[in-house]
*Asks:* 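Pasting a structure below so you can have a look.
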Protein chains: 2
Amino acid sequence: MGIKKEIVDRFKNVLKKENLKFTNQRFLVFSALLTNEGHFDCDDLIRIINKKDGNVSRATAYRTLDLLVKYDFARKMVLDDGIAKYENKILSKHHDHMIDIETDEIIEFVNDEIERIQEEIAKSHGYKIVKHVHQLFVKKIK
Amino acid sequence: MGIKKEIVDRFKNVLKKENLKFTNQRFLVFSALLTNEGHFDCDDLIRIINKKDGNVSRATAYRTLDLLVKYDFARKMVLDDGIAKYENKILSKHHDHMIDIETDEIIEFVNDEIERIQEEIAKSHGYKIVKHVHQLFVKKIK
DNA sequence: ATTATTGCAAATCCTTTGCAGTACC
DNA sequence: GGTACTGCAAAGGATTTGCAATAAT
């Protein structure tokens, strides 16, 4: 159930490199994100942590999340509501989302051709893709 | 330099339909967005308006922008900094966005093949696309 | 011991809202 | 004259920050 030792070590190395200490709070935020699937805002994660393991303040959670994003353990995404959502970037397979605007049902999809063309577009402008958001808001055909 | 009468009329009709009045402030916000190309936050637009035509308060600007988004005159986009950006949706051809995460520069792109595959994916699940968000967060290749 | 870390509360930033005065029909 | 509109200033909500107490090495 735990996180692979290799990943935890990677986290420890990042901390060392940044002259930061490996504290329980930082580990709790790190674990909350890496052992749960989905998109969480800061308070979701704090709730998850408080439910079983301990306590982390919002200040610390945000500070740690910034760090996780900076070192590619987490992906940050802000939709139109302006609330930052974070998701596991290490263990989750990539996928995009199709959202049924009438039922809120979420269907995942991946299309290699789209992935390939995206990369090509970025490259042709001299860029490489760091992350992307691709969401189809859809409606059932009657 | 003006906006096509047809578009202004469409705006007037929306206002009528919503029991709202066609006021100078609403028209200034509407014009600021529809006669400028680019992605603007609320204060950008207020600055544009104040520079030549008059004054609009932030409250009114936000209220009008909501309306413009609701009726498809404007597109709203929120990136990781949490600041809402608005762009002309009427006069600009459909496009997606590539965002340089180091400079915040926004580059537009369109790819017919991606558009086609998207539709196909939705259709194969029995859906049609109402709108979509496709953003590539990129980084210059050194 | 020394240096970084934490949590709190205050501060910030963008955005929304209540309200009193103003403008529109 | 009666509604709807505006701008102000205050309120809101998410995130950040200063600081004194606390924990890690």
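The structure displayed is predicted, hence computed values, not measured ones. Lettering of chains follows the sequences in order, A, B, ..., and the numbering in each one begins at 1.
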*Asks:* Using whole Å, what does the distance between atom P of nucleotide C:dT6 and atom CZ of A:Phe22 come to?
*Replies:* 12 Å
*Asks:* To the nearest Å, give me how far apart CG (B:Asn24) and C1' (D:dG7) are.
*Replies:* 15 Å
*Asks:* Within the sub-3.5 Å range, which N or O atoms of nucleotides 8-15 of chain C have a protein N or O partner, and how far apart are they?
*Replies:*
unit_1 : atom_1 : unit_2  : atom_2 : d
C:dT15 : OP1    : B:Ala84 : N      : 2.8
C:dT15 : OP2    : B:Tyr62 : OH     : 2.0
C:dT15 : O5'    : B:Tyr62 : OH     : 3.0

*Asks:* Give the rounded distance in Å between these two atoms: CG of A:Asn50 and P of C:dG7.
*Replies:* 10 Å
*Asks:* Would you mind reading off the distance between A:Asp66 atom CG and C:dT6 atom P, rounded to a whole angstrom?
*Replies:* 13 Å
*Asks:* Would you say the side-chain atoms of A:Asp96 and A:His132 include a donor-acceptor pair closer than 3.5 Å?
*Replies:* yes
*Asks:* Just to verify, which of A:Leu34, A:Leu68, A:Thr23 counts as forming a side chain to side chain contact (heavy atoms under 4.5 Å, CB included) with A:Val29?
*Replies:* A:Leu68
*Asks:* Please state how far atom CG in B:Asn19 lies from atom C1' in D:dC5, giving the value in whole angstrom units.
*Replies:* 13 Å
*Asks:* Please report, rounded to the nearest Å, how far the P atom of C:dA4 is from the NZ atom of A:Lys17.
*Replies:* 18 Å
*Asks:* Given C:dT6, is OP1 or OP2 found less than 4.0 Å from the side-chain N or O atoms of A:Thr23?
*Replies:* yes
*Asks:* Please determine if B:Arg58 and B:Asp43 form a salt bridge, counting it only when a charged side-chain N lies under 4.0 Å from a carboxylate O.
*Replies:* yes
*Asks:* Counting N and O atoms only, with roles assigned by atom type, does the side chain of B:Ser124 sit under 3.5 Å from a partner on the main chain of B:Ile121, one being a donor and the other an acceptor?
*Replies:* yes
*Asks:* Starting from P on D:dA24, measure out to CZ on A:Arg26 and report it in whole angstrom.
*Replies:* 11 Å
*Asks:* So which protein N/O to nucleotides 1-3 of chain D N/O distances come out below 3.5 Å?
*Replies:*
unit_1 : atom_1 : unit_2  : atom_2 : d
D:dT3  : O2     : B:Lys21 : NZ     : 3.2

*Asks:* In whole angstrom, what separates A:Phe30's CZ from C:dT5's P?
*Replies:* 17 Å
*Asks:* In the single-linkage hydrophobic clustering (I, L, V, M, F, W, Y; side-chain heavy atoms under 4.5 Å), do B:Leu91 and B:Val69 co-cluster?
*Replies:* yes
*Asks:* Is A:Arg47 paired with A:Asp44 through a side-chain N to carboxylate O contact shorter than 4.0 Å?
*Replies:* yes
*Asks:* Please check: side-chain N/O of B:His95 versus main-chain N/O of B:Lys93, any donor-acceptor pairing under 3.5 Å?
*Replies:* yes
*Asks:* Given C:dG7, is OP1 or OP2 found less than 4.0 Å from the side-chain N or O atoms of A:Gln25?
*Replies:* yes
*Asks:* Which nucleotide in the set C:dT5, D:dC5, C:dG7 lies at the smallest distance from any side-chain heavy atom of B:Leu20?
*Replies:* D:dC5
*Asks:* Between the side chain of A:Arg26 and the main-chain N/O of A:Thr64, is any donor-acceptor distance below 3.5 Å?
*Replies:* no
*Asks:* What pairs with B:Glu120 under side chain to side chain contact (heavy atoms under 4.5 Å, CB included), at least two apart in sequence or on another chain?
*Replies:* B:Arg116
